[in-house]
Amino acid sequence: MTINNRGLFLKKGLSPDELLTEMRHARTADVGWENGQSWGLVYHAGKEVDQIIKEAYTLFSHGNALDPKAFPSLKKFETEVVAKTASLFNGGDEAVGAMTSGGSESLLLAVKASRDQARFKKPDISEPEIIIPESAHPALDKAAHYLGVKTVRIPLDTDFRADLDTLRSSVNKNTIMLVGSAPAYPHGVVDPIKELGELALERDINLHVDACLGGFMLPFLERLNYPVPPFDFRVPGVTSISADLHKYGYSAKGASLIIYRYPELRRHQFFVLTNWPGGLFGSATVTGTRPGGPIAAAWAVINYLGEEGYMRLAKEVMETTRILQDGIEKTGKLEILGRPVMSVFAMGSSQLDVYTLADLMAEKGWQLGRQHNPPALHFIVTPPHTKIRETFLSELEGSVHRVKEGPEACEDAAALYAMMGTMCHQSDLKTFTLNYLDQTYRL
Ligand SMILES: Cc1ncc(COP(=O)(O)O)c(C=O)c1O
């Protein structure tokens, strides 16, 4: 480890002006998300919503939801956000839930609740397994890894949805939970939740729906009469749903939800220690201290936007998605993979190298996520893309023409999730990725 001057405390602190100048300057290197240059990471609903977030977040930035008695305000906000979302997902009177720090924590809690429920109800299971489609988010593997649960990944059908036959035959006496995504991150496709629900009921196992991406889009699209496949608690067999407030909920980062069909399952999410000298310890979620800012901001945003606001944003985003998809297909060289249901999709090509295309677009400032199996570029469309969609399409067309004459990319390229990169000729991908993380976070 090397520590340079950046690692030393200043003898004397900076003035507010100096600090903010330095921070504003640092920000100039960040991706231009307010101008629609990134296709993921940030979900921005405009300046007014931004202002609401800032004020609500600042007001509660010292608040700690660890102690609901000390902060009844945060308890009220959390309970109301959970209740409103549970009813958005048609949870019955028994539905309960919790706010978490993000999709990964919500998924971790869903896996923990299922694991601990199985320990209680099915003590014969010593090696619990969850079955997830190939397209499900890796946060599930991470959760299973942390919790000592085995993950079984199921191949996708030709539409990029979980292959039901393989799924059915993979359920065994150790299976505790199935997962379907609504939609899955890579291709924006919703898994066959209804059929998964039937299987879950038949085999007496849980079904978690990962609606981290779609939770605050699909219900509003349904109200706008877009075709939305069944994904929520109306589907018998669905036992829990995760949904991210910091994605299409348009709230500040650090806010997600896990909602359960009934309270007994949520009890298995909790952690309790009774003999600690510090007192009875009961913790609802993963974190101890629970920052007030994200909870307050989420409450403020959903009450500021209301149904009308979310429907207006959903309509705008879908309109832009359609224009982008039409423009992409018009190039004659690129295609949309599968049948995405909302504003998340992947673009592939059987005629040109999409990674070279991404490099050319990056030269123009567009950060496109790269995927593999098959090679594709990833889009999450948000309101700022409305203003740039025509410019983007014309630069895409220009780049498509240049790729035809451009260099051949390597055949064994692997794409890096959330890192906007591709790499060639690496046989040991795990070591490569570990080295990448070591290097990225060096001091
Ligand atoms: C479908 C899905 N689930 C879970 C996650 C993980 O969410 P987070 O990055 O907030 O932990 C993501 C992130 O993109 C996602 O798309």
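Just so you know, ligand 1 is whichever comes first in the structure, and atom 1 is the first atom listed for that ligand. Numbers here simply count residues along the sequence, with the first being 1.
- Listed by atom number, the atoms of ligand 1 under 4.0 Å from Leu107 heavy atoms are 4 (C).
- The ring-ring contact (aromatic ring centres under 6.0 Å, His included) test with His385 singles out one residue from Trp366, Phe379, Trp39, Trp33, and that residue is Trp39.
- Against a heavy-atom cut-off of under 4.0 Å, Leu213 is close to the following atoms of ligand 1: 16 (O).
- A donor-acceptor distance shorter than 3.5 angstrom exists from the side chain of Lys112 to the backbone of Phe270, with no hydrogens or angles considered.
- Around atom 8 (P) of ligand 1, the closest heavy atom drawn from Gly103, Ser181, Ala243, Ala184 belongs to Gly103.
- Using a 4.0 Å cut-off between heavy atoms, Ser104 contacts ligand 1 through both its backbone and its side chain.
- Taking every heavy atom of Cys212 and a limit of under 4.0 angstrom, the matching atoms of ligand 1 come to 2 (C), 3 (N), 4 (C).
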**Q.** side chain to side chain contact (heavy atoms under 4.5 Å, CB included) assessment of Phe271 paired with Asp116
**A.** CA-CA 10 Å; Phe271 176 82; Asp116 289 6; over 6 Å; no
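- Checked against the 6.0 Å centroid criterion, the rings of Phe60 and Trp299 do not qualify as a close aromatic pair.
- Across Ile380, Asp244, Leu41, Asp210, heavy-atom proximity to atom 2 (C) of ligand 1 is greatest for Asp210.
- Looking at Thr100 and Thr285, their side chains never bring a donor and an acceptor atom within 3.5 Å of each other.
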Q.
One pair to check against ring-ring contact (aromatic ring centres under 6.0 Å, His included): Tyr43 and Phe216. What are the steps and the verdict?
A. CA-CA 12 Å; Tyr43 300 70; Phe216 291 96; over 10 Å; no
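- Note on ligand 1: Lys247 sits in its first shell, one or more heavy atoms being nearer than 4.0 Å.
- Annotation for ligand 1: atoms under 4.0 Å from non-hydrogen atoms of His246 are 10 (O).
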